[in-house]
Colleague: 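Have a look at this one before I ask anything.
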Amino acid sequence: MKKLRIVDILKSEREISIGDKLTVMGWVRTKRGSKNVAFIALNDGSTINNIQIVVDVQSFDENLLNKIYTGTSLSIEGELIESLGSGQQVEIQANNIKLLGEANPDEYPIQAKKHTLEFLRDHAHLRFRTSTFSAITRIRHAMIFAIHKFFNDKGFVNIHTPIITGSDAEGAGEMFRVTTLDVNNLPLTEDKKVDFSQDFFGKETNLTVSGQLEAELAALAMGQVYTFGPTFRAENSNTSRHLAEFWMIEPEVAFYEIDENMDLAEDMLKYVIKYALDNCADDLAFLSKRLIDEEKSKPEKDRAPMELIEKLKFVLENDFIRADYTEAIEILRNSKPNKKKKFQFVIDKWGIDLQSEHERYLVEKHFKKPVILTNYPKDIKAFYMKQNDDGKTVRAMDILFPGIGEIVGGSQREEDYTKLRNRMKEMNVPEQEMWWYLETRKFGTVPHSGYGLGFERLMLFITGMGNIRDVIPFPRAPKLAEF
RNA sequence: UCCUCAUUAGCUCAGUUGGUUAGAGCAUCUGACUGUUAAUCAGAGGGUCCUUAGUUCGAGUCUAAGAUGAGGAGCCA
């Protein structure tokens, strides 16, 4: 008997016809019914949609049927029939039901009703079984695949940069230490410091906070490379936009100026959005509906101006705004909230860093589109960014998205050996630990650019979810490592 | 880490000015009924009111500390 996944049973060009026998396996979403007939909505994770199993109650053992609840796993042999009900086109008339695994309703926490996302976070091992989370998980896969496809089709080479790093000079945040030393009995040097020469690597090591520096090494030989790997930040960040362990995409391209870098980032974002619209229509429709329901409980002024799919199409069809930091400061300085001192941080002079409230004003109120800001003051950006001729700014670019803030951060890199070395000295970046990075500027240096995209931030945008802990299966954050 | 708010049945929530035996919907159980769509109808069971200390004759309700969660901020992707 043919074993089929639910997605393949429900699609229009299916392998089997009405009247054919088949086997289907999955988990019960709901069971309804009575003495004569029962209906089981079965889901196997292959699609957001369920297949309806029709059970003639009289021809089955009552004890078996009494054990079928939400969460129970079943193997069904039956016949594909056209549905007599109105909610679906086809369904399966069960001939044989095998109970694979019981789910005691007194203990099984997931019910056939709406649960809060907070509750599901506490049951992360079971939340894959909900419609919302299975939709997110399928979309997440599609986005991973789309990103690799985008870069592969453009001839990029994927680089696995190290997860354990011996350099603590990347300056991108607090790091998690990696050690095999006995933390209850640390070896000490003569001056009572921990003796890391006895550690596994013979030196201090940490989990990576960015693959960029290593990706640059590869780009300065391979031309076009990208990384897509786990990234770790030990910051005590308790927000809906931060994780301690997240996935980052970092393309790095030789012979690339900042404008080409912006084009690449915009093309990539639009490519993956289109990929989602083309390949995840059912899941997006479900999430859109879910979001609309959720918005109904909010006051009208706090509601999103567009529903999810409309928003994705809008971003796809419009050019991102490109503006200089200096222009942004002028816009903000002359803005109503600034003049009325509604901003918590009033914009008074050139050179200050933009706060979330400013970025949100630019994206959501002023431009009403994604915005790429460039040419930031050098003092608020990293040491490796290319210095402009004005002596004040660097060729940084941040892409700001509505509702999410900074989704991409990148720059043209400083390729001049002397300028880079001087900047490292000014910013107290230890030169001796970065000798390998500097050597790429000493030997055959070329202009190059790259950026970092936070994958989970992209997922927030694509799915319309509000909390980053709901777009990754097993979130890591302060006090959160249960699952 | 800071600010604000929250924590009551398995889940989502209500609970008046501090006052008798803490309620509802869903879920579960029992029964009825039905090609049902998170089925419906009737009934039943189900509580460490987050924890600790305090105020009070009396605390779900007031105070303090702590835990956990949410929203916002900082850091950033």
Side-chain angles (χ1 to χ4, degrees), chain A residues 28-41 49-57 66 69-71 81-88 91 93 103-123 130-131 171-174 209-212 230-250 265 293 297-298 302 343-345 353-357 359-360 380-382 398-401 404-410 451-461 466-470 472 477-480 482:
Chain A
V28 174
R29 283 291 166 79
T30 62
K31 188 184 85 170
R32 303 175 282 274
S34 65
K35 279 179 198 157
N36 303 323
V37 65
F39 302 95
I40 297 167
N49 299 304
N50 304 324
I51 187 86
Q52 175 153 283
I53 310 296
V54 184
V55 181
D56 178 13
V57 172
N66 281 343
Y69 296 99
T70 297
I81 56 173
E82 288 191 55
S83 180
L84 302 175
S86 59
Q88 56 282 317
E91 57 197 16
Q93 183 75 47
N104 181 347
D106 290 335
E107 296 175 54
Y108 184 64
I110 310 295
Q111 298 172 7
K113 59 169 276 187
K114 203 180 161 188
H115 282 107
T116 60
L117 296 168
E118 292 84 1
F119 176 80
L120 294 176
R121 256 169 248 156
D122 291 337
H123 298 79
T130 64
S131 296
E174 293 295 312
V209 292
S210 164
Q212 180 199 318
T231 311
F232 307 88
R233 304 273 167 93
E235 301 285 350
N236 192 9
S237 294
N238 292 288
T239 81
S240 53
R241 301 182 309 284
H242 289 85
L243 291 166
E245 175 181 296
F246 63 101
W247 290 72
M248 191 153 61
I249 296 116
E250 294 176 291
D293 286 347
S297 62
K298 290 186 189 168
D302 293 343
F343 284 141
Q344 196 186 335
F345 297 92
D353 207 353
L354 298 181
Q355 306 291 319
S356 294
E357 57 181 350
E359 294 179 350
R360 269 218 306 275
I380 60 172
K381 288 292 180 186
D398 285 359
I399 303 186
L400 311 176
F401 261 36
I404 290 154
E406 189 180 336
I407 194 167
V408 165
Y451 61 85
L453 167 80
F455 182 61
E456 283 76 17
R457 295 228 173 133
L458 174 69
M459 282 296 296
L460 283 178
F461 184 76
N467 192 314
I468 202 161
R469 297 172 187 195
D470 296 326
I472 184 169
K479 307 259 159 62
L480 188 68
E482 174 77 16

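Numbers restart at 1 for each chain; the letters A, B, ... are given by sequence-line order, proteins then strands.
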Colleague: Among A77(B), C75(B), G35(B), which nucleotide sits nearest the side chain of R233(A)?
Modeller: A77(B)

Colleague: Under 4.0 Å, heavy atoms only, any strand: does Q111(A) hit a base, just the sugar-phosphate, or nothing?
Modeller: base

Colleague: Which pair of non-hydrogen atoms, one from R233(A) and one from F246(A), has the smallest distance, and what is that distance?
Modeller: CG-CE2, 3.7 Å

Colleague: Write down the distance between CG (L117(A)) and C1' (A6(B)), rounded to a whole number of angstrom.
Modeller: 17 Å

Colleague: For R241(A), answer base if it contacts any base atom (sugar-phosphate contacts may also be present), sugar-phosphate if it contacts only those atoms, and nothing otherwise; contact means non-hydrogen atoms under 4.0 Å.
Modeller: base

Colleague: Looking only at side-chain atoms of S237(A), point me to the closest of G35(B), G74(B), A38(B).
Modeller: G74(B)

Colleague: When rounded to the nearest Å, what value does the distance between P atoms of G45(B) and U4(B) take?
Modeller: 44 Å

Colleague: Evaluate the side-chain proximity of N36(A) to V57(A): yes if any heavy-atom separation is below 4.5 Å, no if none is.
Modeller: no

Colleague: When the C1' atoms of C41(B) and G60(B) are considered, how many whole Å apart are they?
Modeller: 34 Å

Colleague: Any base atoms under 4.0 Å from E91(A), or only sugar-phosphate, or nothing? Heavy atoms, all strands.
Modeller: base

Colleague: How far, in whole Å, is U17(B) from A64(B) if one measures between their C1' atoms?
Modeller: 23 Å

Colleague: For R469(A) and G71(B), is the shortest distance between a side-chain N/O and OP1 or OP2 below 4.0 Å?
Modeller: no

Colleague: Taking atom types as they are modelled, would you say the side chain of H242(A) forms a donor-acceptor pair with the base of C76(B) within the 3.5 Å cutoff?
Modeller: yes

Colleague: Check E456(A) against W247(A) and note the closest heavy-atom contact, atom names and distance.
Modeller: OE1-N, 3.0 Å

Colleague: Using the C1' atoms only, state how far U61(B) lies from G19(B), rounded to an integer number of Å.
Modeller: 11 Å

Colleague: What's the closest nucleotide to the Q355(A) side chain, out of C75(B), G35(B), A70(B)?
Modeller: C75(B)

Colleague: In which stems does RNA chain B show up, taking only runs of three or more Watson-Crick or G-U wobble pairs whose two distances fall under 3.5 Å?
Modeller: B:1-7 with B:67-73, B:10-13 with B:23-26, B:28-32 with B:40-44, B:50-54 with B:62-66

Colleague: What integer number of Å spans the P atoms of C13(B) and U7(B)?
Modeller: 10 Å

Colleague: Going 5' to 3' through nucleotides 39-44 of chain B, assign each nucleotide B (protein heavy atom under 4.0 Å from a base atom), S (under 4.0 Å only from sugar-phosphate atoms) or - (no protein heavy atom that close).
Modeller: S-----

Colleague: Is the phosphate of U12(B) approached by T116(A) (side-chain N or O, under 4.0 Å from OP1 or OP2)?
Modeller: yes

Colleague: With C1' as the reference atom in both, quote the distance from G23(B) to A9(B) in angstrom, rounded to an integer.
Modeller: 10 Å

Colleague: State, with a plain yes or no, whether a side-chain heavy atom of I40(A) is found less than 4.5 Å away from one of N50(A).
Modeller: no

Colleague: Determine the contact category for I407(A): base if any of its heavy atoms lies under 4.0 Å from a base atom, sugar-phosphate if only primed atoms, P, OP1 or OP2 are that close, otherwise nothing.
Modeller: sugar-phosphate

Colleague: Report yes if a side-chain nitrogen or oxygen of T231(A) is closer than 4.0 Å to either non-bridging phosphate oxygen (OP1 or OP2) of A77(B); otherwise report no.
Modeller: no

Colleague: Indicate whether OP1 or OP2 belonging to A70(B) is found under 4.0 Å from a side-chain N or O atom of R121(A).
Modeller: yes

Colleague: Is there a side-chain contact between I472(A) and F455(A) (heavy atoms, below 4.5 Å)?
Modeller: no

Colleague: When you measure from the side chain of Y69(A), which nucleotide among A77(B), C75(B), C29(B) comes out closest?
Modeller: C29(B)

Colleague: Is there a donor on the side chain of Q88(A) or the base of U36(B) sitting less than 3.5 Å from an acceptor on the other?
Modeller: yes

Colleague: Classify the nucleic acid contact of N236(A) as base, sugar-phosphate or nothing, counting any heavy atom under 4.0 Å across all strands shown.
Modeller: base

Colleague: For D293(A), give me all partners under salt bridge (charged side-chain N to carboxylate O under 4.0 Å, His left out), at least two apart in sequence or on another chain.
Modeller: K296(A)

Colleague: For atom P, what is the distance between G15(B) and A53(B), given to the nearest Å?
Modeller: 28 Å

Colleague: Measure from the side-chain heavy atoms of S86(A) and tell me the nearest of U37(B), A77(B), C11(B).
Modeller: U37(B)

Colleague: Verify the stacking flag for F246(A) against A77(B): centroid separation must be under 5.5 angstrom and the ring planes must differ by under 30 degrees.
Modeller: yes

Colleague: Can you identify which nucleotide, out of A70(B), C75(B), U12(B), has its nearest atom closest to the E235(A) side chain?
Modeller: C75(B)

Colleague: Taking the minimum atom-to-atom distance to the side chain of V37(A), which one of G71(B), G35(B), G74(B) wins?
Modeller: G35(B)

Colleague: Would you check, one step at a time, whether the test side-chain contact (heavy atoms from CB on, under 4.5 Å) holds for L458(A) with V408(A)?
Modeller: CA-CA 9 Å; L458(A) 174 69; V408(A) 165; over 6 Å; no

Colleague: Which nucleotide, A77(B), G25(B), U36(B), lies nearest any side-chain atom of Q52(A)?
Modeller: U36(B)

Colleague: Could you work out the separation of A65(B) and C5(B) based on their P atoms and round it to a whole Å?
Modeller: 13 Å

Colleague: For R121(A), enumerate each residue passing the side-chain hydrogen bond (donor to acceptor under 3.5 Å, both in side chains) test, keeping only those at least two apart in sequence or located in another chain.
Modeller: D470(A)

Colleague: Write down the atom of E250(A), the atom of G211(A), and the distance for their closest heavy-atom approach.
Modeller: OE1-N, 2.8 Å

Colleague: If you check the N467(A) side chain, which of A77(B), A70(B), U37(B) turns out closest?
Modeller: A70(B)

Colleague: With sugar-phosphate meaning primed atoms plus P, OP1 and OP2, does T70(A) contact a base, only sugar-phosphate, or nothing at under 4.0 Å between heavy atoms?
Modeller: nothing

Colleague: Where the side chain of Q93(A) is concerned, which of A77(B), G35(B), C11(B) is the nearest nucleotide?
Modeller: G35(B)

Colleague: Using the test side chain to side chain contact (heavy atoms under 4.5 Å, CB included), find all partners of K114(A) that sit at least two apart in sequence or belong to another chain.
Modeller: none

Colleague: Could you check if a side-chain atom of K31(A) sits within less than 4.5 angstrom of a side-chain atom of T70(A), using non-hydrogen atoms only?
Modeller: no

Colleague: Could you list the residues that satisfy ring pair (Phe, Tyr, Trp, His ring centres under 6.0 Å) with H242(A), not counting sequence neighbours?
Modeller: none

Colleague: Using the closest heavy atom to pick a nucleotide of RNA chain B for each, name whichever of H123(A) or L453(A) lands nearer the 5' end.
Modeller: H123(A)

